[in-house]
Number of protein chains: 2
Amino acid sequence: MNSFAPTEQRLAVTCRRQPAFPREPAVLVRLVKHLHKRVHDAANATLKPWGISHPEYNILMMLYGTEGYTLNPSQLAEAAGEKSANITRLADSLCDKGLVERTASDADRRKVSLSLSRAGLAMIDEFMPSICALLERQTAGLKPAETAQLERLLKKFLTQLEQD
Amino acid sequence: MNSFAPTEQRLAVTCRRQPAFPREPAVLVRLVKHLHKRVHDAANATLKPWGISHPEYNILMMLYGTEGYTLNPSQLAEAAGEKSANITRLADSLCDKGLVERTASDADRRKVSLSLSRAGLAMIDEFMPSICALLERQTAGLKPAETAQLERLLKKFLTQLEQD
DNA sequence: TGTATTTATTTCATATATGAAATATATGGT
DNA sequence: ACCATATATTTCATATATGAAATAAATACA
């Protein structure tokens, strides 16, 4: 019995009151919300010693996962699932902390390049053991086959959500 | 090919650079983030004609799914996955709109009761067709057996996340 | 070339969310 | 009854996120 039980109870009541209400889709959507909250809060707690937030961590990791450690704000917005106005703010914060460098692009002068700095790389190396441990713990309850199956189904779900 | 492909590419680079980085857990976490964003944005767009946000909708639906249409702020915080300070603000907004009523509890005078008003119930009946259509569309790509399997695996994942 | 349109980013006002302190009531032990 | 502690909610300062307008450069094409 987990914290989701009351949610299921409420969905049962809702279905009784609204016969057209589709239970299964609603369960999935509420599960995604609960999962996201847990993941977000746990990441923030883990990263607190380094003085960065989960969204800031995501920006760093998007750059880290890119050949050349560099992306434009618009690529970063797409990659990190943030609005571009928010990327500006997050990039400002990371530049202030010396973790990211902002340079004008030569080829297209509308563009801006955001690159991981030496300090940014060093910080990633520092928090990586804690992050790896966190990720391992979070999926410790799932067998490898279940993880793979979950990945497959979530991708299918995401593909559908992107249709609209 | 969906919008998640670049994310996978970045994870591959990350794994190359950090051999200890656990790919599978990271994929799941990033999928949850992408899914949450899509669900949140789609719900906000659907609800816009009624002048309420997705978090406000969630509050209304938590009350709707409760016998007696009434919960305390703390129950609501747990149910909706919001911090209690945020519940106060959301409840204020919903009270201002006349959708929720706030009354002091008699039994325990520290407590407050938040109840769906007649107008709140009426609004739920109004937006319900749009919400049902949205939910159906969002899961249209999944077969019933896949939906059931996904529900099972997400619950298992959530249970694990709640261990810490 | 000149100018309209599109693309990239930032600015700014506003909306939304959080932690910590403040307020008020309840409960348990003496 | 009294006081210490626990619980429920709100307040307030601050952090975080968004939409729309502003800015600036690239592109299309008459």
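First the proteins, then the strands, lettered A, B, ... as listed; each starts at 1. For clarity, every value in this text was computed on a predicted model and none was experimentally measured.
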Kindly write out the residues that satisfy salt bridge (charged side-chain N to carboxylate O under 4.0 Å, His left out) with A/Glu126, not counting sequence neighbours, or none if the list is empty.
none

Do any side-chain atoms of residues 20-35 of chain B form donor-acceptor pairs under 3.5 angstrom with protein atoms, and if so which ones, sequence neighbours left out?
residue	atom	partner	partner atom	Å
B/Arg23	NH2	A/Glu151	OE2	3.4
B/Arg23	NH2	B/Glu8	OE1	2.7
B/Lys33	NZ	A/Ala80	O	3.0

If you assign each of A/His40 and A/Asp106 to its closest nucleotide in DNA chain D, which residue comes earlier from the 5' end?
A/His40

I need the CG-P distance between A/Leu47 and C/dT18, as an integer number of Å.
17 Å

Has B/Arg152 got its NZ or CZ under 6.0 Å from the middle of the six-membered ring of B/Phe157, at an angle within 45 degrees of the ring axis?
no

A/Asn44 has an atom CG; how far is it from atom P of C/dA17, in whole Å?
15 Å

Counting primed atoms, P, OP1 and OP2 as sugar-phosphate and everything else as base, the B/S/- map of nucleotides 5-16 of chain C against protein heavy atoms under 4.0 Å is --BSSBB----S

In whole angstrom, give the distance that lies between atom NE2 of B/His54 and atom C1' of D/dT18.
17 Å

Is atom CG of B/Asp96 surrounded by more than 12 heavy atoms (other residues, nucleotides or ligands) closer than 6.0 Å?
yes

Rounded distance (nearest 0.5 Å) linking atom OH of B/Tyr64 with atom CD of A/Gln18:
3.5 Å

CD of B/Gln149 to CD of A/Gln149, rounded to nearest 0.5 Å, is 5.0 Å

